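Notes to accompany the following structure.
Just so it is clear, the structure is predicted and the values come from calculations on it, not from any experiment.
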Amino acid sequence: MPETWGYNYTRDASAHLISHIEGADAVNAYPDYWERHARADELISHLLGSEPCIFYIRRQGPGRNSEYEEKWKLIVATDRDDFQLPLKLEERQQTLQLSGIVQRDGTGNLVLNAINLVDLEQGRVDSFSLPQMIFLQRAYQNNIGIPETVFAEIATMPVCSSYVPTYDQIQGWEAYLGIQHRIAENRQFYVPVISYNYSASAKHITFTVDAALATSNGSISITLDEFWKRTEKAINEPLKFLASSAEIRNRRAGKELGKIESVTRNTNQIRLRLEPDIVKSLRQDNFALPETILLFFKDTGSLAQIQWQGQALRNLRLGHTHNFNLSKFFFEASQARPLEKTIQLAKEDLFLGQANHSQLAAVEAVLAAEDLILLQGPPGTGKTTVITEICYQVALKGGRTLIASQANLAVDNALSRLSHHPVLRPVRDGKPGSVSPEGEPFLSENVIDRWIQNTSAECENRLLKHQKIIQGLLPLLTSLDKFQAYLQIEETFPQQQHQLLDGKTYLELERQKKRNIHAQLEARLNQIDSMQSDLQNLIESNSVFFANQQIKIEQLKNRKTELTLALCELENWQLTANSQIYEVLKRCLQQRHSLTEALISLPLQVQTIALEACQQPWKQYLDECQLEINELIFQLNECDEVYKVGNKIYWLLLQNPKILINIEPFEAQVSQIREQLATRINSQHHIQAINLLHNYSSTTIADINQSSEQRKLYIAAIKLEAIKREYEQLIQNNQARDWESKLYKLTAKVSSAVAESAKDFLNKLQTETEQMLLLTSESQDNLQATLAPLTILSTINSHIDSELESIREVANKAFNEVTELSNQVREIEKQVEELELNLNNFRHWWLGIYQKIPNWLKPNIDGEELFNLNFLRNIPINFELWQQELEQSEAYLNKWEPTIQRWIEKLRHPIN
C-alpha cells in the first residue's frame, strides 16, 4: 500500500532543482524562497505524475547534527516489473534522486537538501536499499511526516556510509584492472587471409595468412615474431573473421568461425576447429566465406571480466552491492601497529567544523602518533581537509608542519585550504614559475600582501557581523506589538476556526434536513399531480365515450335513411333498366366492343353504399353477361371475316369475265368437284374454309391466265363454278341468326339478377343497421345510468386542486429555507477564508522577520516549526538577549566602525 510522506526544503535545494531543469536564469524569476519551493513542488509533481512511485531508500550517514539527524537518499526505482517509471522521467531517460535529512527519533519530515536527475542505472536495488511505495506531499501544506512503521523499518537498514569503501581504496584495484586491460589488448591481432582449404566432409579449415601485414588493432603493425607469439598464445581460443578492413571499427561486426587448433609458422598457416553451426551451414550451402577475409582475435573473455570487475568496483564504491559487508572483506587492515595512546578532539576545537568522523580520526591519529602514520585515501575523500586540520592543530601546540608531495599541485591545493587565522602563517617555498595560481599567494614575496588582504577581510567580516545583527534584530524588536498580535492570532485561530467549522457543520445538517423535507414534498406533489391527471383523464374519457355513442347513433340513423333512399332509387332504376341494358348490349354488338361493368350504370346511392361496404353482390351477374355478350361479339367477328374473304373471291371472279362460260353441259362435273371441295372444307372452321376457297380460286385463275389450251380452260371454269357455288353456300351458312332474341333474353336476365341482388344487399344492410341502432340506443341508456353516480369526480378534482396548492406553499417555504441556509454556509466559508488569509499574511510577515535574524542568534529549526505555537510562545524569552545583542552591536559600530573602516582603507591602500 502506498504511504504518504511529507517533505520540505532547505533554502537552496529548490533553487538547485529549478536551475538543473529550467536553467540558472530561471531561478531569478522566483526571488522569495517560498516561491522557489512552490515551483520546485510543481517540477517534482510534473516529473513524478499523480500516482505514487516506488523509491529505493538508503541511509547515507549522519547529518550535520549527527546525534539527532541522519542523511537519507531516495531514488525512483528503474528495475522493477511491478512499477512503471513515470512518463516524464521515461522521456528524459533519467530518474529522480532526492537527498535529505531526517530526525533520528522519527519526528518531523524529510528535509530535502539536494534534488537531482541521474542515470537510470542508479535506480537499481542493492543491499542498502529498501523499496517503498511513496506519495510525496509538502508537509507545509498537509502537516504530515514520515509514517512511523516505515521509519522503524528503515532504521533497521545498514548505513551506507558505514560500509562503502573510500575512493582511494578502489583506486588500487582500478589501476590493477588497467594493467590487465593493457595485457589483454597486447594479445589481440588482425591478419589478412591469402587462401583457405576446406573439405565439405571435414570439421576443420586451414587458412594461409599474410603474416607480414598483421596488425594489433587494424592499423598498428606488429613484427612477424610478435604476431606468431600472439597467435600461439591464442591456441584453443575463438577466432573471428571480417569481410573487409572497413568493418574493424564496428564493434558488433565479425563472426566466430571456431577455435585455433594449431599454428604453423613456416607455412604461414592457422588451423581452426570449426563451430558445429558453421559446419552445418557450410554443408547446406547456407553460408559461404568471402573471397577476401580478415581474421582477428580479441581476448574477449579477459576484456569482459575486466569490464565486469570495473563495474563491480564502481558498485562497491556507490554502495550498490548485495552484501553490505563486501567492502570490509576486501579492505580489512590487519597488520597495522595500534596506537598506544589516543587524542580526542571536540568539534569546537576544530579549524574546519565540517570534518567528518574519518577525517577527525585521521587528525587524532596523526596527533597521537609517535613516529610515522600512514593515511590512505583516494581522491575526494578529504585528505586536503585532514592536512589543513593537522596544520592548525600542530600550530596551536606551537609546532610547524612541512607539506611535501611529488606534485607541486598537491602542495598548492593543500595551502589553498588554509584560510586566514592568527595562528596560521603559511609560507610556500618555490619559484613563481613552478607554483600554480593557488600557491602563488603563499610565496615569501607575496605573503605580506596575502596577510593584509586577509586581515582587511577579517575586519570587514567583523563589521558585517554586527551589521547583520542590527539588520536582523531591529525589525523584530521595533515591532513587538505586531508580534504579540500575531501570537494572539496563532493562539486563537484554532478555536475560531473550530467554532466556524462547527457552525458550518450544524447549518449543513439543517440544510440537509430541509432538503429532505423539500424532496419529500416534491415527491408528494408529483404523486398527487399524477393522481389528478388520472382522474381528469377518467372524467374526460367518460364524456368522450358518451359523446361517441351519441355520434354513433346519429350515424346509424343516417345510414338507415340512406339505405331507404337507395331502395327507392333501385325501384325507379328497375323501371327503365331493361331498355338501358338492351341499348348498351346492342351497342357493344354493333361496335364489336367488349362489355365492361362501367357501361351498366346502377343508381348512384346504391353504388356509394356498395363501395363503402366493399361489396358488389351483382358483380357475378354482370360477369356472366359480359362472357355471353363477348361470345356473341366473337361470333359476329367471325361472320365479318367470312364476308370479307367472300368479297375477295367475288371480286376475283368479277375481274376475270373471260372464264365465265356456259357450264350447263358440265353440271355433273361441277357437282363432282363441289363434292370434293365440300369434303375438304367441311372439316375446317368457317374462316379456314373460306380462306381455303380463296386460295383455290386464286390458283385456278392463275392457271387460266397462264394456259391457252381449250380443254384446260374448261376444266378450270368448272372448278371456278364449283368454288363459286360452295362459297355462296358457306356465306349463307355463316350468317348470324337470331342475335336480337338472344340479346333480349340476356337483357332480361341481367336486369332481373342485378336488381334482385342489389335489393337483397340493401335489405340485409338495412336489417343490420336497425339491429345495431337498437343495441346502441340500449347501450347509451345503460351508460347514462352508469355514469350518473360519477358526477362526484368533479368535486374530488376540485378538492385535489386545493390540496396541491397547500403542499406547493409548504414546498416553496422549504426551498426558501434551504436557500437561506446555503447563504449562511457560504458566509461562514468566507469568514474561514478571511481568517486563514489573515493568518497567512501574519505568517508571511513573521517568516520574513525571522529569516533576517542571524543564524547564530536563533534556534536551528525546520521551516514548519517556525509557526509552531510552543516555539512562538518561547520567542519572547529571547527578546532580552536579542536586545542586548542589538545594543552591543550598535554600540560597537558607533564606537569602532569609522576606525575600522579607516584601518581597512589603510591596509588596502598603504601609500595613502
Side-chain angles (χ1 to χ4, degrees), residues 1-10 13-14 17 37 40-41 43-45 47-86 89 95-118 122-164 318-324 861-865 868:
M1 293 295 292
E3 298 280 356
T4 300
W5 284 33
Y7 70 94
N8 273 307
Y9 303 95
T10 58
S14 56
L17 176 63
H37 292 353
D41 289 343
L43 292 175
I44 292 175
S45 177
L47 292 171
L48 298 182
S50 59
E51 297 297 326
C53 297
I54 293 182
F55 285 80
Y56 288 136
I57 306 170
R58 293 158 57 95
R59 299 175 65 196
Q60 295 297 111
R64 179 182 299 177
N65 189 339
S66 59
E67 183 178 358
Y68 301 102
E69 296 178 344
E70 187 172 282
K71 297 178 183 178
W72 284 7
K73 183 178 290 184
L74 287 77
I75 188 166
V76 179
T78 61
D79 61 347
R80 299 182 67 92
D81 295 331
D82 58 348
F83 171 67
Q84 181 67 38
L85 191 67
L89 293 178
T95 188
L96 184 66
Q97 178 179 280
L98 308 175
S99 299
I101 302 296
V102 298
Q103 298 297 316
R104 289 186 181 274
D105 60 1
T107 60
N109 44 62
L110 178 66
V111 181
L112 301 179
N113 54 23
I115 308 167
N116 298 295
L117 291 173
V118 297
Q122 297 194 37
R124 297 183 175 275
V125 70
D126 54 52
S127 59
F128 297 97
S129 303
L130 179 67
Q132 286 289 323
M133 180 71 78
I134 299 174
F135 185 78
L136 291 175
Q137 287 191 2
R138 273 292 299 281
Y140 173 69
Q141 299 172 347
N142 301 282
N143 196 24
I144 54 177
I146 302 173
E148 294 181 1
T149 56
V150 176
F151 191 95
E153 185 178 2
I154 297 173
T156 63
M157 296 294 293
V159 179
C160 184
S161 62
S162 301
Y163 294 90
V164 297
L318 296 174
H320 295 165
T321 62
H322 291 281
N323 186 331
F324 52 81
I861 60 169
D862 295 333
E864 286 299 317
E865 292 295 323
N868 183 277

Counting only N and O atoms by type, is there a donor-acceptor contact under 3.5 Å from the side chain of [X] to the main-chain atoms of [Y]?
X    : Y    : result
D126 : F128 : yes
D79  : V125 : yes
Y9   : D41  : yes

Give the minimum heavy-atom separation between [X] and [Y], together with the two atoms involved.
X    : Y    : result
R80  : P131 : NH1-CB, 3.6 Å
S129 : R58  : OG-CG, 3.7 Å
S14  : A40  : CB-CB, 3.6 Å
T149 : E3   : OG1-OE2, 4.5 Å
P158 : S127 : CG-O, 4.0 Å
K73  : S99  : CE-OG, 3.8 Å

Would you give the length of the straight line joining atom [atom1] of [X] to atom [atom2] of [Y], rounded to the nearest 0.5 angstrom?
X    : Y    : atom1 : atom2 : value
R138 : S45  : CZ    : OG    : 12.5 Å
L98  : I75  : CG    : CD1   : 9.0 Å
L17  : N116 : CG    : CG    : 8.5 Å
I57  : E153 : CD1   : CD    : 8.5 Å

Do the side chains of [Y] and [X] get nearer than 4.5 Å, heavy atoms only?
X    : Y    : value
Q97  : L117 : no
P86  : V76  : yes
I134 : Y7   : no
T4   : L136 : no
I44  : I115 : yes
T10  : L112 : no
L74  : L96  : no

Side-chain donor-acceptor contacts of residues 101-110 below 3.5 Å, not counting sequence neighbours, with atom names and distances?
residue : atom : partner : partner atom : Å
R104    : NE   : S66     : O            : 2.7
R104    : NE   : E69     : O            : 3.3
R104    : NH1  : E70     : OE1          : 2.9
R104    : NH2  : S66     : O            : 3.2
D105    : OD1  : T107    : N            : 3.1
D105    : OD1  : T107    : OG1          : 2.8
D105    : OD2  : T107    : OG1          : 3.4
N109    : OD1  : N8      : ND2          : 3.4

Original post:
What ring-ring contact (aromatic ring centres under 6.0 Å, His included) pairs are there with at least one residue in residues 55-80, not counting sequence neighbours?
Top reply: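 Residue pairs passing ring-ring contact (aromatic ring centres under 6.0 Å, His included), neighbours aside: W72-F151.
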Original post:
Can you check side chain to side chain contact (heavy atoms under 4.5 Å, CB included) on V159 and Q60, steps first, answer last?
Top reply: CA-CA 6 Å; V159 179; Q60 295 297 111; over 6 Å; no
